[in-house]
Amino acid sequence: GPPCDQAFAALINDLTQRGLLDDTLVVMMGEMGRTPRINKDNGRDHWSMCQAVLVAGGGTKPGVIGASDDQAAYPTTTPLGLHDLQRTFLTQMGIDCDRTYLTPLGRPVPIVNGGKVVKELV
């Protein structure tokens with residue numbers, strides 16, 4: 001909560017003051033969101049249907065993209081997926097997301113498996 005918010009804000013302010021924010025992509029996200037309801041143990045379980053991701057710098061635009069219902073349970077706008085974020089972040093870093101590498105056994109491994117660049121973010 002608040003300590004994390006304070007640390008994120010301090011990092012963004014420091015990078016801005018040093019003139020480094022435009023060249024630094026800062027992403028704060030977890031593996032997934034949390035259930036919109038408290039469980040029987042007074043906690044919240046993993047919830048893959050909706051979560052927040054904070055992004056700053058690296059040529060990204062400020063603002064809010066997307067929305068959820070009033071309980072933050074489901075997106076009410078077109079949902080963005082992990083592959084969309086991967087493709088967007090790697091494209092911002094100048095990496096060719098359509099490139100495929102081969103394992104030592106010859107199995108193809110794409111850098112990003114699908115996804116689209118989030119135009120509202122860059």
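Starting from 1, each residue takes its place in the sequence as its number.
Across Gln71 and Arg37, no two heavy atoms sit closer than the pair OE1-NH2, 3.5 Å. Counting all heavy atoms, side chain and backbone alike, Asp84 lies closest to Pro79 at OD2-O, 4.4 Å. When every heavy atom of Cys50 is checked against every heavy atom of Ala73, the shortest pair comes out as CB-O, 3.4 Å.
Linking Ile, Leu, Val, Met, Phe, Trp and Tyr residues whenever their side-chain heavy atoms come within less than 4.5 Å leaves Leu54 and Val27 in two separate clusters. Taken together through direct or relayed side-chain contacts under 4.5 Å among Ile, Leu, Val, Met, Phe, Trp and Tyr, Val26 and Met28 form part of one hydrophobic cluster. Clustering ILVMFWY residues whenever any of their side-chain heavy atoms sit less than 4.5 angstrom apart, transitively, puts Val55 in a cluster other than the one holding Phe8. Hydrophobic clustering, with ILVMFWY side chains joined whenever heavy atoms are under 4.5 angstrom apart, keeps Ile95 apart from Leu25.
Note: Gln51 CD to Leu80 CG = 11.0 Å, rounded to the nearest 0.5 Å. Separating the OG1 atom in Thr60 from the CD atom in Gln92 is a distance of 7.5 Å, to the nearest 0.5 Å. Atoms CG and OG, from Leu82 and Ser48 in turn, are 12.0 Å apart once rounded to the nearest 0.5 Å.
For residues 14-24, the side chain to side chain donor-acceptor pair (under 3.5 Å) pairs, not counting sequence neighbours, are Asp14-Arg18. Listed by first then second residue, pairs satisfying ring-ring contact (aromatic ring centres under 6.0 Å, His included) with a partner in residues 22-81 read Trp47-Tyr74, not counting sequence neighbours. Among residues at least two apart or in separate chains, there is no ring-ring contact (aromatic ring centres under 6.0 Å, His included) pair with a member in residues 81-108.
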| message | Could you walk me through whether Leu102 and Arg107 satisfy the side-chain contact (heavy atoms from CB on, under 4.5 Å) test, starting with their C-alpha distance in whole Å, then the side-chain angles of each, then the deciding distance to 0.1 Å, before giving a yes or no? | response | CA-CA 5 Å; Leu102 298 177; Arg107 179 176 152 253; over 6 Å; no
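Side chain of Thr77 to main chain of Ala67: a donor-acceptor pair is present (N/O by atom type, distance under 3.5 Å, no hydrogens or angles). Asn13 places a side-chain N or O within 3.5 Å of a backbone atom of Ala9 that can act as its donor or acceptor partner.
Applying the 6.0 Å contact sphere to CZ of Arg99 captures no more than 12 heavy atoms from other residues, nucleotides or ligands.
Asn39 meets the side-chain hydrogen bond (donor to acceptor under 3.5 Å, both in side chains) test with Asp45; sequence neighbours excluded. Remark: Asp98 engages Arg87 in a salt bridge (charged side-chain N to carboxylate O under 4.0 Å, His left out) (not counting sequence neighbours).
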Donor-acceptor pairs under 3.5 Å, side chain of residues 109-122 to any protein atom, not counting sequence neighbours: which ones?
none

